[in-house]
Number of protein chains: 2
Amino acid sequence: MATSRKSTRVDTKRSRTQEEPDCTPPRRRNAAETRQAILDSARAAFTRAGYDGVGVREIATGAGVTAMLVNRYFGSKESLFAEVVDVTLSRPGILTREITTMGHDVAALARHISAALVDATSPTGTPLDGFLIMLRSASSPQAAAILRDKFEAHFEHRLVPALPGDAARERASLMLALIAGLQLMRQVIAMPSLTGADPCTLEKQVEALFRLLIIPNV
Amino acid sequence: MATSRKSTRVDTKRSRTQEEPDCTPPRRRNAAETRQAILDSARAAFTRAGYDGVGVREIATGAGVTAMLVNRYFGSKESLFAEVVDVTLSRPGILTREITTMGHDVAALARHISAALVDATSPTGTPLDGFLIMLRSASSPQAAAILRDKFEAHFEHRLVPALPGDAARERASLMLALIAGLQLMRQVIAMPSLTGADPCTLEKQVEALFRLLIIPNV
DNA sequence: GTCGCTAGTCTACACGCGTAGACTTCTGGC
DNA sequence: GCCAGAAGTCTACGCGTGTAGACTAGCGAC
């Protein structure tokens, strides 16, 4: 049994080395790089399967290290998750990218957001990591608490101030709800009505909804 | 060890008996009643914690039986979940209730749905079991597959035909997405922006969104 | 050259999971 | 009264989980 375990470990190490055989020197024992590798592996894993659906051993294997090292760097699975959510939300996303680069043409803004959203949630598009992590981790109470804090903090400071008019917080929250609901139905549950819908029709409907939430006075 | 296990079992049985000491005769060994008790317990548990968040032992305890009996009646946890989703969606819900009893006054319909939704997702309201089960179980691929089939089947036959005009399937799906997203943000994640929002303001915003989805020609 | 520090690993624990098969206990029909 | 069969339970298996503590090995400074 010890033999098989040992061979597994050797394979793992070898695979990491062989992934980039001559591009970079083996560069082992680099704390910063290893930490980043764990973070990347964790983000991919949480996006794919959610907080409860992935184990630290799996994350560690994806980074080419051992499970215990994950806990040595991040303290616990929960802390790791919090950091993953934080860095994911810090990167420019669909809303912040569109809104911060907008002029004051709300119609164009609604069109851009809608197009980006429909494209991102299509089978071939690049999914929105932040929301996907949330949708797949919401069932865990601990993960939900982390998500609540991080989402509130990030969007309170970046989305709400960008929305003119009254009830900006409510409208911003409803935009998040709309994005989350659409992505849930289209990507996570994958309802045929939405995955098979004509993108153009869908885009028009979604655009109308967003226009309603962006324009100040309904 | 055997003693403590035995005492646990006795306690469980006694607690079920004592819950209704004189209302009904003990009435043990009733298959239909037991099956229903398991179904009820499972629905409550799945609503609270989702497919992955609850174990068959917990469901069994809630029904006053043993874990193995659950599998004897329903085959597996997965089959039990499918049946729970099915019966939950079959009961009249927020959409079917409002839409089937509506006249042709779409404005009033949007107002009713919005009010019911905001009320149901408020901390004091009765939550919508069907959607809550979905939101908390979406992370499990097996549960997601079941939810996709059941949701598609139920709403394809009940909601889509009730919507007049073009692109009814897309609009119906977007209504589901909106409900799911709102409930996710308000109840599961519990974002302060939404839990603490003024119900009246929220209702107006949500009503406008629904009106857009109900009215045939945007 | 060697020594200390830190990156990284191994083993182990205590638990919870879904479920398979053998077992016990109650009840309705004759 | 009794017995077949159904209702229900017990024990057990194999696996996977998060993480704690002791251990090994490689790199940088002297």
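The sequence lines fix the lettering, A, B, ..., with proteins before strands; numbering per chain opens at 1. As the structure is a prediction and not an experimental result, all values here were calculated from the model.
Taking every side-chain heavy atom of B:Thr66 into account, D:dC10 is the closest of C:dT19, D:dC10, D:dG18. Side chain of B:Arg29, nearest nucleotide from D:dT19, C:dC26, C:dG8: C:dC26. Closest approach to the B:Thr34 side chain among D:dG8, C:dG8, D:dT19 is made by D:dG8 (side chain taken as heavy atoms from C-beta onward).
Nearest-nucleotide mapping onto DNA chain D: of A:Met68 and A:Glu58, the residue sitting toward the 5' end is A:Glu58. In this structure, A:Ala67 and B:Arg72 both approach DNA chain D, and ranking their closest nucleotides by distance from the 5' end singles out B:Arg72.
The separation between B:Asp52 atom CG and D:dT17 atom P is 12 Å, rounded to whole Å. Counting to the nearest Å, the P atom of C:dA7 and the CZ atom of A:Phe74 are 13 Å from each other. Straight-line distance from the CG atom of B:Asn30 to the P atom of C:dG28: 10 Å, rounded to whole Å. Regarding A:Asn71, its CG atom lies at a distance of 13 Å from the P atom of D:dT17, rounded to whole Å. Distance CD1 (A:Ile59) to P (D:dG16): 17 Å, rounded to an integer number of Å. For A:Phe81 and D:dG18, the CZ to C1' distance is 16 Å, given to the nearest whole Å. Residue B:Glu78 contributes atom CD, which lies 15 Å from atom C1' of C:dC17 at whole-angstrom precision. In this structure, NZ of B:Lys77 is placed 19 Å from P of D:dC15, rounded to the nearest angstrom.
Note on ring orientation: taking the six-membered ring where Trp is involved, the planes of A:Phe46 and A:Tyr51 are parallel (angle under 30°, cut-offs 30° and 60°).
Between the base of C:dG18 and the side chain of B:Arg57 there is a donor-acceptor pair shorter than 3.5 Å.
Note that CD of B:Gln187 and OG1 of B:Thr195 are 10.5 Å apart. Values are rounded to the nearest 0.5 Å.
Here the options are A:Arg43, A:Arg35, A:Lys77, the test is salt bridge (charged side-chain N to carboxylate O under 4.0 Å, His left out), and the partner is A:Glu83; only A:Arg35 passes.
Note on A:Val70: nothing from the nucleic acid sits closer than 4.0 angstrom, heavy atoms only. Nucleic acid contact for A:Tyr73: sugar-phosphate only, since backbone atoms but no base atoms lie under 4.0 Å from a heavy atom of the residue.
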Residues 145-153 of chain B side chain polar contacts: donor-acceptor under 3.5 Å, at least two apart:
| from | atom 1 | to | atom 2 | distance (Å) |
| --- | --- | --- | --- | --- |
| B:Arg148 | NH1 | A:Ile189 | O | 2.7 |
| B:Lys150 | NZ | B:Asp86 | OD1 | 3.2 |
| B:Glu152 | OE1 | A:Ser193 | OG | 2.9 |
| B:Glu152 | OE2 | A:Ser193 | OG | 3.0 |
| B:Glu152 | OE2 | B:Arg169 | NH2 | 3.0 |

Take B:Ser76 and B:Ser79, measure what side chain to side chain donor-acceptor pair (under 3.5 Å) needs, and give me the verdict at the end. CA-CA 5 Å; B:Ser76 69; B:Ser79 307; 3.1 Å; yes
